[in-house]
Amino acid sequence: MIPIKKIRLRKLNMALINPFTTSFGTFNDKQFYIIEAEDEQGHVGYGESVAFTSPWYNEETVETNRHIIKDFLIPALQNTTIKHPADVGELFKPFRRNLMAKAAVEGAIWDLFAKQQNIPLSAALGGQMRTIDVGVSIGIKPSIEDLVNTVRKSVEQGYKRIKIKIKPGWDITPLSRVREEFPDIDMMADANSAYTLDQIDTLKQLDDLNLTMIEQPLAHDDIIDHATLQKAINTPVCLDESIHSLEDTRKAIELGSCRIINIKIGRVGGLTEAKRIHDYCMEQGIDVWCGGMLEAGVGRAHNIALTTLPNFTLPGDTAASSLYWHQDIISPEVTVQNGVIHVPTKPGIGFDIDVLALEKFTVEQEEFSLQT
Ligand SMILES: O=C(O)CCC(=O)C1=CC=C[C@@H](O)[C@@H]1C(=O)O
Ligand SMILES: [Mg+2]
């Protein structure tokens, strides 16, 4: 039984070190919710929502998070006995989608559970890896030289994999230049659904670049055209936005839509579903890696715990805090030594919360008492 006395919603606003460009424009800072679940003994579990302030990645926003968590998810937890964090997903099933809101609340309960059991979150999930390999994600750059210099810096920092964002008009030429400069690096491209099958000839040219994968080249809600594309190219297709559940995963694999899956805890509704997808992909021989959503330290810590599961065979996007934040909300911050993160062994997410930083970045907070 996981007794929860109160749940706190904190809206944070943190300035990004590097602006993040999406189809909605460029973000210079990130607003997001941290969820705190506290028990009678004073243990506090932390979860982080990865929703942005605009619905460019999926249908959720910071504001929809508040509405769904306050008006549906917390009331669903009232007068309910939660025996294990895996029960939370079942409880939230009647509410459609809003997976990032669900994942943030479930994540706080997973962290609280692990702290109550006095075990690391990684152990609670069944993970055993003591170190994890990580890569970096590089956005669209103003020039090819700028891209090459950014790749060089990341390689010198020892990152195990370089992910480069592409779009029509910024694809084969910049990638070829990087490959020319760095013939042996583990390089992948992320298209964020910028292509259609009309550009299949361009996508076929990726096969000359020895990429480890092309991530989400086609529509965000497609697995049919991705299956057509995967049959036409040798480069493994990796799905991100198309996969929201174990069921989506099963269908994509049956159709041959991909050979790799980027698992993001927020996109699939939480750690329980993320673990189910991991386990199914392991049975089916599909490699997985843990994607990033520009998380602060709490979300980063959850990603690290998940990535200790055995089928996370490919470097993920959980890079060091210092690539994103002037100051993170955890202590110590996430650091990367030669492309490797050492998994924390303390109970729960394994990092302390930097309470002063948390307060400094909190722009709003609400607290709800729970009868569980
Ligand atoms: O957290 C990171 O550094 C990775 C961020 C990142 O690459 C992405 C975040 C959200 C959507 C995409 O733009 C992209 C991705 O495809 O994972
Ligand atoms: Mg992606």
Side-chain angles (χ1 to χ4, degrees), residues 14 16-27 29-30 32 48-61 99-100 103 132 134-141 147 150-151 153-154 157 159-167 170 187-195 211-222 226 236-244 248 252 257-258 260-268 274 288-304 306-307 314-325 328 333-334 336 339 341:
M14 293 171 69
L16 282 160
I17 287 181
N18 296 311
F20 182 68
T21 300
T22 76
S23 48
F24 265 63
T26 297
F27 292 99
D29 52 25
K30 195 175 187 219
F32 59 96
E48 178 175 332
S49 172
V50 295
F52 289 82
T53 48
S54 53
W56 64 276
Y57 178 80
N58 73 354
E59 78 284 358
E60 297 183 81
T61 68
L99 296 166
M100 294 173 175
I132 61 169
V134 292
V136 284
S137 174
I138 297 173
I140 307 269
K141 291 293 178 186
L147 172 64
T150 306
V151 172
K153 203 169 129 202
S154 305
Q157 287 171 329
Y159 280 97
K160 299 289 187 198
R161 176 268 283 143
I162 306 293
K163 168 162 135 175
I164 296 173
K165 293 267 179 81
I166 63 171
K167 63 180 180 183
W170 177 268
M187 181 163 92
M188 63 174 280
D190 179 6
N192 283 119
S193 304
Y195 297 83
L211 301 179
T212 50
M213 69 191 90
I214 168 69
E215 184 183 351
Q216 197 72 37
L218 308 177
H220 69 93
D221 54 357
D222 166 82
H226 280 100
V237 169
C238 169
L239 291 178
D240 171 356
E241 288 89 334
S242 298
I243 304 294
H244 302 94
D248 287 351
S257 312
C258 63
I260 299 171
I261 286 183
N262 165 350
I263 297 180
K264 292 181 177 177
I265 299 166
R267 188 193 74 226
V268 301
V288 301
W289 55 283
C290 183
M293 292 290 280
L294 287 83
E295 293 89 347
V298 169
R300 222 152 276 278
H302 280 265
N303 289 347
I304 292 167
L306 179 69
T307 310
L314 300 169
D317 272 349
T318 309
S321 298
S322 60
L323 264 63
Y324 303 83
W325 314 111
D328 205 342
E333 296 194 348
V334 172
V336 175
I341 290 177

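By convention here, the first residue in the shown sequence is residue 1. Order of listing sets the numbers, starting from 1, for every ligand and every atom in it.
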F20, any N or O under 3.5 Å of ligand 1 N or O: no
S49 side chain vs F32 backbone, donor-acceptor pair below 3.5 Å: no
Side-chain heavy-atom pair V336, Q157 within 4.5 angstrom cut-off: no
Short side-chain to backbone donor-acceptor contact, R267 and I243, under 3.5 Å: yes
Distance filter under 4.0 Å to D240 heavy atoms, resulting ligand 1 atoms: 15 (C), 16 (O), 17 (O)
Heteroatom distance test (W56, ligand 1): nitrogen or oxygen, under 3.5 angstrom: no
Protein contact of atom 1 (O) of ligand 1 - nearest heavy atom, named by residue and atom, plus distance: L294 N, 2.9 Å
Enumerated ligand 1 atoms positioned under 4.0 Å from heavy atoms of K264: 9 (C), 10 (C), 11 (C), 15 (C), 16 (O), 17 (O)
Test item: Y324 and E333 side chains (from C-beta on) under 4.5 Å apart, heavy atoms: no
Shortest non-hydrogen contact between E60 and M100, atoms and distance: OE2-N, 2.6 Å
Metal proximity, E215 vs the Mg ion (ligand 2), N/O/S cut-off 2.8 Å: yes
E215: numbered ligand 1 atoms lying under 4.0 Å from its heavy atoms: 15 (C), 16 (O), 17 (O)
Heavy atom of the protein closest to atom 9 (C) of ligand 1 (residue, atom name, distance): G292 O, 3.4 Å
R300, any N or O under 3.5 Å of ligand 1 N or O: no
Aromatic plane relationship, F27 with F52 - under 30° parallel, 30 to 60° tilted, over 60° perpendicular: tilted
Check: H220 side chain, Y57 main-chain N or O, donor-acceptor pair, under 3.5 Å: no
Taking atom 12 (C) of ligand 1 as the reference point, the nearest protein heavy atom with its distance: N192 ND2, 3.2 Å
Atom 14 (C) of ligand 1 - nearest protein heavy atom and its distance: D190 OD2, 3.5 Å
Shortest protein contact, atom 10 (C) of ligand 1 (heavy atom only): M293 SD, 3.4 Å
Heavy-atom nearest neighbour in the protein, as seen from atom 3 (O) of ligand 1, with distance rounded to 0.1 Å: Y324 OH, 2.5 Å
R161 and M187, any side-chain heavy atoms less than 4.5 Å apart: no
Any donor-acceptor N/O pair, Y195 side chain to K167 backbone, under 3.5 Å: yes
Note, M213 side chain near N262 side chain (heavy atom, < 4.5 Å): no
Closest approach of any protein heavy atom to atom 7 (O) of ligand 1, naming residue and atom: S137 OG, 2.8 Å
Contacting atoms of ligand 1, where contact means under 4.0 angstrom from a heavy atom of Y57: 11 (C)
N, O or S atom within D240 nearest to the Mg ion (ligand 2), by name: OD2
Nearest neighbour in protein (non-hydrogen) for atom 13 (O) of ligand 1: K165 NZ, 3.2 Å
Minimal non-hydrogen separation, W289 against P315, with atom names: CB-O, 3.7 Å
Element-labelled atoms of ligand 1 that are located less than 4.0 Å from some non-hydrogen atom of K163: 7 (O), 15 (C), 16 (O), 17 (O)
